[in-house]
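Report on the following structure.
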Amino acid sequence: MLRLHDTATGTVRPLELRNEGEVSMYVCGPTVYDLPHIGHGRANLTFDILRRYLSFTGLRVHHVANVTDVDDNIIKRASELGRTEPDVAAEFEDRWWESMDALGDLRPQDVPHATQYIEDMVALVGDLMARGMAYETPDGVYLEVSKVDGYGLLAQQSLESLQAGARVEANEDKRSPLDFALWKKAKEGEPSWESPWGRGRPGWHTECVVMSLDLLGEGFDLHGGGQDLMFPHHENERAQAVADGKAFARHWMHHGWVEVEGTKMSKSLGNFSTLPDLLARCDARAYRLLVLRAHYRSPIEVTPETLADAEKALARLDGLARRFDVAEILARTPDGYVVGGTPPATDIDPGASAAFRAHMDDDLDTPGALAGIFELVTAAHSAADAGDEGEGGRLARTAAVLAAALGLSLRAADTVVDTESAQLVAERDEARRTRDFGRADALRDELVARGWTVEDTASGTAIRR
RNA sequence: GGCGGCGUGGCCGAGUGGUUUAGGCAGGGGCCUGCAAAGCCCCGUACGGCGGUUCGAUUCCGCCCGCCGCCUCCA
């Protein structure tokens, strides 16, 4: 059974499922007003890895991730660009999925949009008003945080200490600086919807409560996001559910972020690189590998150096696919997604597989799991070098299956060879046959100049890119 | 100010109270090869500082130093 760190308790504890055999997970998605950056890539890779691993262990996973398509940032961006909010949101949502697809992330089965849930949100706010948990001010409706049991759970702080640290706000109509907007009354020209408190739009924290409960139901298994969402976003989601008498997420998972020279990459600091830029520069699998190499709660540095390092490590894995026929070992789930498969137990190494699972079950110890895969790579080559091709193949297959369980596919070299290069290869083989090594070396240089990596194998010259 | 995290060999990055090493990259030596490439084998004896607990601490405790994060939109 998977043990995961739970922010609500601050401990690593078993992920106790509401329904046996089935995992319901809700992940906070993007506010679509700009291109996704590298940190979003890590976030999605982290949950993709979790999801694939859960599937790999035989669980059915219901993965929901929202898209926030109404929000202050979108309004601001639309006005800057002189375009409508829905137009801006639609464009950046498209760009979002392009990047996530390129990273090899499985799409969530459900992608609710805030604008589709306005009525439900209004209903929730009305409920909270009726229960006396919320109050109206001239500019909106606020949740009265001091009335919520256990407020501060995810921040791991008491209400008092949160209050002590809260910054003084201009808004004097709020009863406490910690109270947050459930409904924001519209200013002139802002997108707005009808409500009992006048035209306006929902506060950010409300959509996730309504949508997660609608699609996954009360007491769903797992809610996740970046560590910066613990407070106030997730705290405030939970507060609304509790205030409304609903059972909310059973387990909270938060991952660390991407850093640049030791500092958090974030939009407000402006020190971010976009995901499309990254993906144009390197193999998407290398970024996945980079993410896997660190524990999900640790920060990672994404630099040209660490990416280059990951690409070299990836080349070693691909080397396995060149030697053994294990490229693209994958399987499909009932809903059609390609995930790491579980081939017949006799076909893969049970010890390695068990060790892999032990690492993953220990709060997703992907670095440990990956180390095991690299050990299999060495073992597979060793066995084959010693003449035991069968054993080598079995170990290689095991490595490929386990890598696939992390969403990492191995690739044999590009086999599309143009005719001229193929001609050079043939000539070089002939030169080597006649032991004309000067000519053979010249031909090799020519191939290298054309961008090929040249290797001599038992069956002659092999080239790859 | 409140709360939390981090400091590991050239680099990235796990982990553990003690006997045999995470793993990757880079580097050195060897094997293989016509030469390479790929691959295999061997090599580095690291854990911020000062105390304490202990037979023994990188691993537990305390203090200190340094770095970072949340408390405001943020993956």
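Chain identifiers are assigned alphabetically (A, B, ...) following the order of the sequence lines, protein sequences preceding nucleic acid strands; residue numbering begins at 1 within each chain.
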Enumerate, atom names and distances included, each donor-acceptor pair closer than 3.5 Å involving a side-chain atom of residues 429-440 of chain A, sequence neighbours excluded.
unit_1	atom_1	unit_2	atom_2	d
Asp429(A)	OD1	Thr461(A)	N	2.9
Asp429(A)	OD1	Thr461(A)	OG1	2.9
Glu430(A)	OE1	Arg433(A)	NE	3.4
Glu430(A)	OE1	Arg433(A)	NH2	2.9
Thr434(A)	OG1	Glu430(A)	O	3.2
Thr434(A)	OG1	Ala431(A)	O	3.0
Asp436(A)	OD1	Arg439(A)	N	3.3
Arg439(A)	NH2	Glu427(A)	OE1	2.8

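Minimum atom distance to the side chain of Ser161(A) is reached by rG2(B), of the listed rA37(B), rG2(B), rA75(B). Set against rC3(B), rC70(B), rG39(B), the side chain of Lys264(A) has rC70(B) as its closest nucleotide. Of the listed nucleotides (rA38(B), rC40(B), rA14(B)), rC40(B) has the atom at the smallest distance from the side chain of Asp385(A). Side-chain proximity of His40(A) to rA38(B), rC35(B), rA75(B): nearest is rA75(B).
For the pair Trp252(A) CH2 and rC70(B) C1', the computed distance is 16 Å after rounding to whole Å. Residue Arg444(A) contributes atom CZ, which lies 12 Å from atom C1' of rA38(B) at whole-angstrom precision. When the C1' atom of rC68(B) is taken as reference, atom CD1 of Ile300(A) falls 16 Å away, rounded to whole Å. To the nearest angstrom, C1' of rC3(B) lies 13 Å from CG of Leu154(A).
For Asp34(A) and Arg77(A), the salt-bridge test passes: some basic side-chain N is under 4.0 Å from an acidic carboxylate O. A salt bridge does not link Asp105(A) to Arg52(A): none of the charged nitrogens lies less than 4.0 Å from a carboxylate oxygen.
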Might you list the N or O atoms of the protein lying below 3.5 Å from N or O atoms in nucleotides 7-9 of chain B, with each pair's distance?
none

Detail all sub-3.5 Å separations between protein N/O atoms and N/O atoms belonging to nucleotides 22-26 of chain B.
unit_1	atom_1	unit_2	atom_2	d
rG24(B)	N2	Asp309(A)	OD2	2.9
rC25(B)	O4'	Asp309(A)	OD1	3.1

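The stretch residues 31-51 of chain A participates, sequence neighbours left out, in these ring-ring contact (aromatic ring centres under 6.0 Å, His included) pairs: His37(A)-His40(A), His37(A)-Phe272(A), His40(A)-Trp96(A), Phe47(A)-His255(A).
Nucleic acid contact class of Glu455(A) (heavy atoms, under 4.0 Å, all strands): base.
Taking 3.5 Å as the limit, the base of rG69(B) and the side chain of Asp228(A) contain no donor-acceptor pair of atoms between them.
Across residues 1-10 of chain A, not one residue has a non-hydrogen atom less than 4.0 Å from an atom of RNA chain B.
Between His223(A) and His234(A), the ring centre distance stays below 6.0 Å.
Stem list for RNA chain B (at least 3 consecutive Watson-Crick or G-U pairs, distances under 3.5 Å): B:1-7 with B:65-71, B:10-12 with B:23-25, B:27-31 with B:39-43, B:48-52 with B:60-64.
Asp418(A) CG: more than 12 foreign heavy atoms inside a 6.0 Å radius. Glu420(A) CD: 12 or fewer foreign heavy atoms inside a 6.0 Å radius.
By the 6.0 Å and 45° rule, Arg175(A) stacks over the aromatic ring of Tyr135(A).
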